[in-house]
Amino acid sequence: MGETATLAVHRCRFVDYTPSAITAVAFPPLPLPSISDKGKNSSIKRSSRFGTLAVSHANGNIDLCEWAGGERDQQSSQAWVIRKTLPGPHPSKVDSLAFALRYPDDLTADDIPSCSDLRLFSSGGGSELLEWDMDRACVRRTISSQGGSIWCMAANPASSILALGCEDGTVRLLSLVNDTLTQYRRFDRVKCRVLSIAWGPPIPQYPQTKNYGRDVDSDSEDEEDIWTDTWLVTGSSDSSIRKWDVATGRVVDRMGMDKIRGERTLVWTVGVLGDGTIVSGDSLGMVKFWDSRTCTQLQSFQGHGADVLCLAIGPEGNTVFTSGVDQKITLFSLVKTGSSSNTSGAFTSRWVQSCSRRIHSHDVRALATWPPYTALPPSHKRRFPIDISPILASGGLDMSVVVTPAALPSTTVVKVINPLSTSAHCTFEDSYHRRLAYSAGASGVSAVQVARKARLISCMRDSGVSVWQVKPRPPVNDDANSEELNPAPSLDSAGWEKVLEMDLNVNTNLIASGMSDDGRWLVVSDLYETKLFSLTFDAHLPNSNMSTGGQAFHFTPDSSKLVMSTTASSHVLVIDLVGEKPRVLRKFDQHRFKNSTVHDRVVKGRRTDGDVDMMDATADNVDHSEDNEKSSTPAVVSILRMSISPDGQWLATSDDHARTHIFNLDSIQHHSVLPTFAKPAQVLAFVPRQPNILIMAFPDNTLQVYNVESRQFPVWGKELCNSLPRRFTHAHDPVLGVAFDIAEATLRSDIAPQYALFWGSTWICRLSMSDSTPRNLAKKRRRESTKVSPLLPTDDTHGDFRMITHYRPILRLDFLANGELVVVERPLVDVLSDLPPAYFKHKYGTS
């Protein structure tokens, strides 16, 4: 084992950051198959891509999570990682989410839609429906329901109509054709709230006549390929389920629910299968299956002890997952019961309650499965590969998304791949679930900032900021025995104190913050405005026609400059803080260029000198010339990561299109652009001992090392990236940050190697960043580790690697001084203690 490191650790648990509860989760829908596929082999060989996971919160924010693995990777230890946060208006909440395809005709049945192919809608208990611009992370348009509060919503399988269930008892249909959002029609009104809604399976509309022997152009074939919606079903607050005719807007039939002592039963959730079977969950904990043709009850289960709030249907339509207030997730399976008595010998089937699991500690509000289920007629039923397990995502008041393999026991006749790499088991009953770490801040960036010189810790909330000061540690005896990375004795109330509490007037929830090392400057921003505070005065960036909100902030080591990225215009601003008033020195627009990349790769011969001309350093004169604007079509990107070298010379910025640019802050010019990688960078950091070395970490816990001066990837960096320990690359949580000890920065590499502390939500590991460290031993161990089963992680404590896991969950990790480390934790137990008691019912010892 390499050299041990003895650090004084401040284990800070006084930071009262509280994540927001999860209210809804959603996966994007799949395009409808062609009507002409009837009679053909309906088994589809789909790619291993996984769709975007949208997670909405009670504070109005929506997280867009991307699969951490590559397009061809069938497994990923990190699962879904937050790529971008859509900040909600303040104050607001999100109750319902719905994805729809923007142009369904442009996609084939085998395509997995990306964010650019999707439209996202949300409602938050009011009468306004919001459509989100996922590129700009803002509200694109709103429309009134004209029927009071929106209780539920659902897009039809063709993504052409959005149905809203309203407070006044009406179902409103909105047209989504050709990327529009307009009122389409209103159904008849009933005297109760519409609490849940689901579309029935569409009917293929075949052409009336066929022109045999004639050449039919593709346009006419596309016009004939039409799916028609005939009915939908709603759950209401008057103990009933209603089936509606889409063509007439009238109720076709009504199904009554059970009642207790004459009280109304609330139907919180409904779903429809491809054969027309209706599934419902109500406030009595009952899960019922109904025949849509006769509108009679087929089966009923007492699946839960309290309200059933959500349900999800498996990809094949033969499984149903339900959950609610009692924290249980119950699985219902469709099983064959034997041959019927008729001459055809067809098998009959029925639903059974297979198993239940309690993987949440509080109410479960939302369920979703990937691949998503689409209610299609049996003739066009989708079939997915049986060797890849589907995934069930769930969330609720305990603020964490839980993903679980959800394969059926009948699929174990072949070897099934577990996409989460949690265990060899893939069935819902036996597999291990994965609890994704709750968001520590917007867009996966920590809301906690550390000012080293001033020993300050700041925490950003939805509309405010709190600042604490960590007092110097008492002197300790150097001869005392200490364990490596052993936490210091708990600090009492005299070890820290709160020095600032601010509540701000904001338009949206805060999305970014920063604090200078000397503690003089504090900057926060919502989507539209950046606020810069000082101990003596506060200043706002100059108002302009466009938004001045910032997505990322970084101060130079000497606190003389502030670098920020704007929300709406995708610019990088360099702001001078020396003087009576902050002023903008330069506005870079390299991230706005579209002509610098083709097929996600940098093009040779690109214009590398895309710097703006030097302007008068005033805040009011920051516009480019018209020629520079016309040279490239602006791209809409979000610049979420940035880092400044310890000597203040280099600036690295990265956007959500996986493009990374390097700027020289001494000459205030653009320096270079890096090749794009498969995923956007999760962490950017410069090595203190070698300020020209940039470390990039990615969501799949892989690294890249880049020399910004020589504009090359050094050989020793490639060896380091290729010899990373398996325990690091296969950690269940993605890397969130990296910290370097200040004391090691002043030593020569031949005296002591430079170590980096990488950290995630549940782990801290130490890696050597020196170019003189031998890698042969690590390569040999890496080759030997490939012989071990991938389900049994190897003990990678050899060489200079060390990982510890007894700090969790970590919101921030950084060095305050030489050999003095601060770890900010927010245990889930402390977060859940602020919630009301969860549902609990004694099973034994009751009279």
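Note that the coordinates shown come from a computational prediction; the quantities given were computed from them, not determined experimentally.
Of all heavy-atom pairs between D95 and R365, the closest is OD1-NH2, 4.2 Å. What you find for L408 and S333 is that their closest heavy atoms are CD2-OG, 3.9 Å. Counting all heavy atoms, side chain and backbone alike, L392 lies closest to A312 at CD1-CB, 4.5 Å. The minimum heavy-atom distance between L97 and L120, with the atom names listed, is CD2-CD1, 3.9 Å. Nearest heavy-atom pair across C426 and V416 is SG-O, 3.4 Å. Closest heavy-atom contact between N509 and N61: ND2-OD1, 2.8 Å.
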**Q.** CA sep, side-chain torsions, deciding dist, call: I82, C65, side-chain contact (heavy atoms from CB on, under 4.5 Å)
**A.** CA-CA 4 Å; I82 297 177; C65 306; 3.8 Å; yes
Q: Show your working on side-chain contact (heavy atoms from CB on, under 4.5 Å) between L284 and Q302 and close with a plain yes or no.
A: CA-CA 8 Å; L284 300 181; Q302 184 66 54; 5.5 Å; no
Q: Dump the intermediate steps for side-chain contact (heavy atoms from CB on, under 4.5 Å) on E167 and S145, then the final yes or no.
A: CA-CA 10 Å; E167 173 80 18; S145 68; over 6 Å; no
Q: Would you sort out whether V402 and H360 count as a side-chain contact (heavy atoms from CB on, under 4.5 Å), showing the intermediate values?
A: CA-CA 8 Å; V402 176; H360 288 271; 3.5 Å; yes
Q) Given the rule in the salt bridge (charged side-chain N to carboxylate O under 4.0 Å, His left out) test, do D733 and R808 qualify, once you have shown the distances and angles that lead to the verdict? A) CA-CA 11 Å; D733 295 306; R808 62 176 60 193; over 6 Å; no
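For K93 (side chain) and G125 (main-chain N/O), no donor-acceptor pair under 3.5 Å exists by modelled atom type. Using modelled atom types, no side-chain atom of T269 and backbone atom of G281 make a donor-acceptor pair closer than 3.5 Å. A distance-only check finds a donor-acceptor pair linking the side chain of R185 to the backbone of T248 [under 3.5 Å]. With R434 contributing its side chain and L420 its backbone, the two residues share a donor-acceptor pair below 3.5 Å. A donor-acceptor pair under 3.5 Å is formed between the side chain of Y373 and the backbone N or O of G274. N156 places a side-chain N or O within 3.5 Å of a backbone atom of I161 that can act as its donor or acceptor partner. For the pair S292 (side chain) and G276 (backbone), a donor-acceptor distance under 3.5 Å is present. For W80 (side chain) and G51 (main-chain N/O), a donor-acceptor pair under 3.5 Å exists by modelled atom type. Put simply, the side chain of T265 never gets that close to the backbone of M257: no donor and acceptor are under 3.5 Å apart. Judged purely by atom type and a 3.5 angstrom limit, T508 has no side-chain atom pairing as donor or acceptor with the backbone of P87.
To the nearest 0.5 Å, atom CD1 of residue I810 and atom CD of residue E825 are 6.5 Å apart. Between the CZ atom of F50 and the CD atom of E66 there is a distance of 13.0 Å, given to the nearest 0.5 Å. Interatomic distance, CD of Q327 versus OG of S361, reported as 7.5 Å (0.5 Å rounding). Separating the CG atom in L331 from the OG atom in S323 is a distance of 12.0 Å, to the nearest 0.5 Å. In this structure, the separation between CG on D291 and CD on Q299 is 11.5 Å, given to the nearest 0.5 Å. For the atom pair CZ (F121) and CG (L129), the distance works out to 6.5 Å, reported to the nearest 0.5 Å.
Every salt bridge (Lys or Arg N to Asp or Glu O under 4.0 Å) that R242 has, sequence neighbours left out, goes to D238.
Residues R250 and D188 are paired through a salt bridge, judged by an N-O separation under 4.0 Å between the basic side chain and the carboxylate. A salt bridge between D326 and R358 is absent, with no side-chain N of the basic residue lying under 4.0 Å from a carboxylate O of the acidic one.
Contact annotation: the side chain of L32 approaches that of L376 to within less than 4.5 Å [non-hydrogen atoms, C-beta and beyond]. When side chains are defined from C-beta on, L101 counts as touching P29, because their heavy atoms get closer than 4.5 Å. At least one side-chain heavy atom of E128 sits less than 4.5 Å from a side-chain heavy atom of S144. Contact check for S389 versus P419: side-chain heavy atoms found under the 4.5 Å cut-off. Taking the side chain as every heavy atom from C-beta outward, T404 and S394 never approach each other to under 4.5 Å. Residues H425 and N418 are not in side-chain contact: their nearest non-hydrogen atoms beyond the backbone lie 4.5 Å or more apart. In this structure the side chain of S431 reaches within 4.5 angstrom of the side chain of R357, judged on heavy atoms. Contact annotation: the side chain of L309 never approaches that of V364 to less than 4.5 Å [non-hydrogen atoms, C-beta and beyond].
Checked options I197, I143, I150; the residue passing with L164 is I150 (criterion: side-chain contact (heavy atoms from CB on, under 4.5 Å)). Checking each of W231, W199, F187 against W244 for a ring-ring contact (aromatic ring centres under 6.0 Å, His included) leaves exactly one that passes, namely F187. Paired with D168 under the rule salt bridge (Lys or Arg N to Asp or Glu O under 4.0 Å), one option of K191, R193, R189 passes, and it is R189.
In this structure, W268 and W151 have tilted ring planes: the angle between them lies in the 30° to 60° band. The aromatic rings of F332 and F301 lie tilted to each other, with the angle between the two planes from 30° to 60°. Using cut-offs of 30° and 60° for the angle between ring planes, the W370 and F27 rings count as tilted.
Between the side chains of R826 and T18, at least one donor-acceptor pair of N or O atoms lies under 3.5 Å. Looking only at atom types and distance, the side chain of S122 has a donor-acceptor partner in the side chain of W132 under 3.5 Å away. In the model, T337 has a side-chain atom that pairs as donor or acceptor with a side-chain atom of T348 under 3.5 Å. For the 3.5 Å distance criterion, the side chains of D462 and H90 fail to qualify, holding no donor opposite an acceptor. Counted by atom type alone, E131 and T142 present zero donor-acceptor pairs between their side chains at under 3.5 Å. Judged by distance alone, the side chains of S56 and T23 do bring a donor and an acceptor atom under 3.5 Å apart.
Around the CZ atom of R13, the shell of radius 6.0 Å holds more than 12 heavy atoms that belong to other residues, nucleotides or ligands.
Applying the side chain to side chain donor-acceptor pair (under 3.5 Å) rule to pairs touching residues 273-288 yields D258-K288, D275-T277, S280-W290, K288-Q297, K288-S300, sequence neighbours excluded.
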